[in-house]
Amino acid sequence: MGLVTGKRALVLGVANKHSIAWGIAQVLHREGASLWLNYQNERFYKNVAELAAELDPNIPLSECDVTKPEQVENLFAEIEKRWGKLDILVHSLAFAPREALEGEFYKTTLEQWNIAMEVSAYSLVLCARHAKPLLEKEGGSIITLTYLGSQRAVKNYNVMGVAKAALEAAVRYLAADLGPFNIRVNAISAGPIKTVAARGVAGFSSILKVVEEKAPLRRNVTQEEVGKVALFLASDLASAVTGEVIFVDCGFHAVGV
């Protein structure tokens with residue numbers, strides 16, 4: 001029996017096989033969870049459907065763009081109708097315009113700021129609000145993804161670093177709000193992984209190289225390793241863990257130059 005056998009998990013953010021969310025989905029499925037996935041729009045449907053079919057052709061798929069509140073509301077209404085409850089919510093969503101992820105941070109426009117904040121931080125709050133009635137029925141776990149650029153200035157990460165800092169603050173406030181309902185809220189601060197979104201950060205390949213050279217484990221983290229920590233947070237093994245940011249970056253955050 002797996003660590004999350006019988007649990008029902010909504011995993012937001014699978015776009016392709018390189019997505020961190022896909023690594024998490026694979027591990028949760030392997031350990032017994034039933035999955036529900038979203039796709040942002042029709043452009044991503046085929047990719048997500050093909051990946052889901054590799055695990056189970058019966059995995060439900062729903063269109064959900066978190067910048068469209070009605071789609072978020074509809075998604076959780078679908079889950080309530082079909083499943084009646086939810087045990088795990090994985091939020092692996094972030095976005096900033098490519099032009100905001102290069103050059104100087106002080107040149108960030110209000111439009112770029114608002115987009116990054118809405119998708120990367122506020123969407124967690126929005127999803128948590130809709131998930132609460134489903135998660136509180138038997139208690140549950142909300143897991144989001146962040147990055148070291150929230151705490152340190154990482155070249156070219158710019159407005160995304162500020163959005164991730166807001167996301168981490170949101171984790172603490174949500175943990176305080178939802179704890180009385182036996183809902184835990186945590187973040188995983190993953191090391192750099194070659195996702196499509198990450199490659200949008202100018203000079204991303206050099207970040208990978210620096211981590212490989214300087215991290216205590218002398219390598220970069222894998223999707224599966226992030227997935228295994230998400231499994232821990234989703235399972236009863238983490239029953240007293242909430243409001244945390246857990247680093248999964250081969251120790252890079254702990255060392256200096």
Side-chain angles (χ1 to χ4, degrees), residues 9-29 34-79 81-83 86 88-102 108-109 111-128 130-131 143-147 156-160 163-164 167 190 192-202 204-205 223-224 226-227 230:
L10 170 62
V11 180
L12 300 172
V14 174
N16 54 56
K17 65 181 180 179
H18 302 294
S19 302
I20 293 176
W22 176 236
I24 294 173
Q26 289 176 289
V27 174
L28 292 178
H29 180 266
S34 298
L35 299 181
W36 195 306
L37 304 180
N38 83 306
Y39 56 95
Q40 182 183 356
N41 52 46
E42 286 299 323
R43 184 165 68 91
F44 292 96
Y45 174 76
K46 183 179 179 181
N47 279 346
V48 177
E50 289 178 351
L51 289 172
E54 292 180 13
L55 302 180
D56 181 349
N58 296 314
I59 291 175
L61 305 177
S62 295
E63 182 174 2
C64 183
D65 180 337
V66 292
T67 66
K68 299 177 180 178
E70 68 280 4
Q71 290 191 3
V72 177
E73 183 177 358
N74 290 340
L75 169 59
F76 285 97
E78 286 181 53
I79 293 173
K81 183 177 180 180
R82 181 161 175 173
W83 278 355
L86 191 63
I88 302 160
L89 169 61
V90 177
H91 173 277
S92 184
L93 302 166
F95 177 78
R98 181 180 289 268
E99 58 271 20
L101 301 176
E102 60 185 13
T108 303
T109 67
E111 181 181 10
Q112 293 166 348
W113 175 284
N114 287 341
I115 291 172
M117 286 292 178
E118 180 179 13
V119 178
S120 310
Y122 177 71
S123 65
L124 175 67
V125 181
L126 177 63
C127 290
H130 286 287
I143 303 160
T144 191
L145 277 296
T146 186
Y147 174 62
N156 295 319
Y157 202 58
N158 296 353
V159 71
M160 187 60 76
K164 290 295 190 182
L167 179 72
I193 293 176
K194 291 181 181 178
T195 64
V196 173
R199 288 198 294 269
V201 178
F204 177 73
S205 59
Q223 282 174 294
E224 183 174 8
V226 177

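Atoms considered below: every heavy atom in the structure, side chains included; atoms not considered: hydrogens, waters and symmetry mates.
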Using the side chain to side chain donor-acceptor pair (under 3.5 Å) criterion, which residues pair with Ser123? Sequence neighbours excluded. His91
In Å, rounded to the nearest 0.5 Å, how long is the span from CG of Leu93 to CG of Leu124? 9.0 Å
Donor-acceptor list for residues 46-70 side chains, cut-off 3.5 Å, not counting sequence neighbours:
unit_1, atom_1, unit_2, atom_2, d
Asp56, OD1, Asn58, N, 2.8
Ser62, OG, Trp36, NE1, 2.9
Ser62, OG, Glu78, OE1, 3.1
Asp65, OD1, Thr67, N, 2.9
Asp65, OD1, Thr67, OG1, 2.7
Asp65, OD2, Thr67, OG1, 3.4

Rounded distance [0.5 Å steps], CG in Leu167 versus OH in Tyr147: 15.0 Å
Considering residues at least two apart in sequence or located in another chain, which fulfil the side chain to side chain donor-acceptor pair (under 3.5 Å) criterion with Gln223? none
Distance col, row Met160:CE vs Thr108:OG1, nearest 0.5 angstrom, shows 11.0 Å
Contacts of Tyr39 meeting side chain to side chain donor-acceptor pair (under 3.5 Å) (sequence neighbours excluded), chain-then-number -> none
Would you please name every residue forming a salt bridge (Lys or Arg N to Asp or Glu O under 4.0 Å) with Glu224, sequence neighbours left out? Arg30
Do you know the tightest heavy-atom contact between Leu86 and Ala131? CD2-CB, 4.5 Å
Atom pair OG1/NZ of Thr144 and Lys164 - distance to nearest 0.5 Å: 6.0 Å
Could you pull out all residues at least two apart from Glu118 that satisfy side chain to side chain donor-acceptor pair (under 3.5 Å)? none
Atom pair CG/CG of Leu28 and Leu10 - distance to nearest 0.5 Å: 11.0 Å
Distance from Asn38 atom CG to Ser92 atom OG, nearest 0.5 Å? 10.0 Å
Validation row: Phe95, Ile115 side chains within 4.5 angstrom (heavy atoms): yes
Of all heavy-atom pairs between Ala21 and Gly13, which one has the smallest distance, and what is that distance? CB-C, 3.5 Å
Can you find a pair of side-chain heavy atoms, one from His18 and one from Trp22, that are under 4.5 Å apart? no
Looking only at heavy atoms, the pair that brings Ala25 and Leu35 closest together is O-CD1, 3.5 Å
Non-hydrogen atoms of Ala163 and Ala121 that approach each other most closely: O-CB, 3.7 Å
Are the side chains of Val226 and Leu145 in contact, using a 4.5 Å heavy-atom criterion? yes
